[in-house]
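The structure under discussion appears below in the form of structure tokens.
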Amino acid sequence: MANKIKSEKLNKIQSIRGMHDILPDQSPLWQFFEATVKKLLQGYAYNEIRMPVLESTDLFCRSIGEVTDIVEKEMYTFEDRNGDSLTLRPEGTASCVRSGVQHGLFHNQQQRLWYMGPMFRHERPQKGRYRQFHQVGIETFGIASADIDAELILMSARLWKLLGLKDIRLELNTLGTAESRNAYRQVLVDYLNQHKDILDEDSLRRLESNPLRVLDSKNPKMQSMIEAAPSLLDYLDEESKTHFEQLKAILDKAGIEYNINTRLVRGLDYYCKTVFEWVTDALGAQGTICAGGRYDTLVQQLGGRATPAAGFAMGVERILSLLEDAGMQVDNTPDVFIVLQGDQAQLQGLSIVESLRDQLPDVRIQANCGGGSFKNQIKKADKSGASIALILGDEELQNKSITIKLLREKAEQKVVAQSELATTINTLL
Ligand code: ATP
Ligand code: MG
């Protein structure tokens, strides 16, 4: 028995395939990205909403659509101890709408909301595709006009600029209103039926359930047939056409370039009118870093009053991967390292450092803990990346002083009064 436990202990538990730790050397880049996004959203006066990561399975079936990749094969669904079917959220829009309906956020008011956090999809893990990944989601409610679609696009364009990302192109399309899509649907079904021999198994199924999704197929054998298919743009009703024209006019005025891509249908059922994707060629097959559009019927579909809505989600890992490839590094080293030499310094040192922290709230200060010789502590100071070491020993304690050693420059150590310390550090940093 004892032996068995021992050998089990030796078996190290690994993280789940496709679900990654964000390690200390990676988190500074995440924090930089998150801070940049938060500041941007603050500037557009959007408000944060935080939803649970678990929802009832029904929510996603009713919103994303029964015959989508996500609901058919990507959801983490399980029964909890009460026998209720729960699902780890594969995306945030459905939860956001659920929350808004539940809390009356859409009654006689507009909402501009955002969230960020992990999403879960059981996909084949590869570069840019994980089973736990992160999205920043931005959703607006109660605004039917194309200006808000444009605001969302302008906001994302501003983010790429803030992050220093280049060569990201905007793909734009309209799916029209439900009415115009229905008219087109019939034409498309007739066309696809004429080419049934080329359709793969997935597409044959979609031909019955969700024919527009056939246009989304990545199957190379079907591409020329898809290219030649009738275009939805020819079947748009006046309302959809006007909306699309207005959006394009605002984007033109703002100098935003876009490519009209009539094959862009998006994988989720709830979109109507505007759909868009920001795409890069730098990430291989997983090139979409941001995707969204209008979803005017979803709120009603989830039990709320009819409420126009538009939004988008960014894939954080894919954006960070672009930043890494561009060589971006975020400095996360301490500014100051405190060497505490001797028993008295270990005893009193931390309180002295606390008063320094009171005066310098923005300076990153790391105090030596765990003792060690002077030489050893100076080595740690050097390794920490700090530019300044402060040395506190018996003599300094006695004189209410502290010794300053610059770690990255050749300079004499100097001793200053503890009362002068904060001012001195401010001039040195
Ligand atoms: P894809 O076509 O790449 O599967 P999608 O259409 O399923 O994307 P959305 O549901 O629109 O993606 O999600 C928005 C964004 O979230 C995507 O553009 C992408 O950047 C990111 N994303 C989606 N799925 C994953 C995943 N499994 N791993 C990492 N990022 C993802
Ligand atoms: Mg997908």
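Quantities reported herein were computed from a predicted structural model and do not represent experimental measurements. Numbering of ligands and ligand atoms starts at 1, following listing order. Counting from 1, the numbers follow the sequence of the chain as shown. Both backbone and side-chain heavy atoms feed into the values below; hydrogens, waters and symmetry mates do not.
Proximity annotation for atom 18 (O) of ligand 1: of L283, T288, I64, T288 comes nearest, heavy atoms only. For atom 3 (O) of ligand 1, the nearest non-hydrogen atom from the set Q286, Q135, R129 comes from R129. Closest heavy-atom approach to atom 26 (C) of ligand 1 within the set W278, F133, Y271, F312: this belongs to F133.
The closest donor-acceptor contact from the side chain of S209 to the backbone of R205 lies under 3.5 Å.
Ligand 1 has R121 within reach: a non-hydrogen atom of the residue lies less than 4.0 Å from it. The closest approach between E317 and ligand 1 stays at or above 4.0 Å for every heavy atom of the residue. Using a 4.0 Å cutoff on heavy atoms, E91 does not count as a contact of ligand 1.
Side chains of E139 and T93: a donor on one and an acceptor on the other come within 3.5 Å. Between the side chains of W278 and T288, not a single donor N or O lies within less than 3.5 Å of an accepting N or O.
Counting non-hydrogen atoms of other residues, nucleotides and ligands closer than 6.0 Å to CZ of R357 gives a total above 12.
Close approach to I289 involves these atoms of ligand 1, each under 4.0 Å from a residue heavy atom: 20 (O). Heavy-atom proximity to A291, at under 4.0 Å, picks out these atoms of ligand 1: 11 (O).
Take E48 and apply the side chain to side chain donor-acceptor pair (under 3.5 Å) test, not counting sequence neighbours, and it matches R50.
Applying the ring-ring contact (aromatic ring centres under 6.0 Å, His included) definition to pairs two or more places apart or across chains, those involving residues 281-310 are Y270-Y295.
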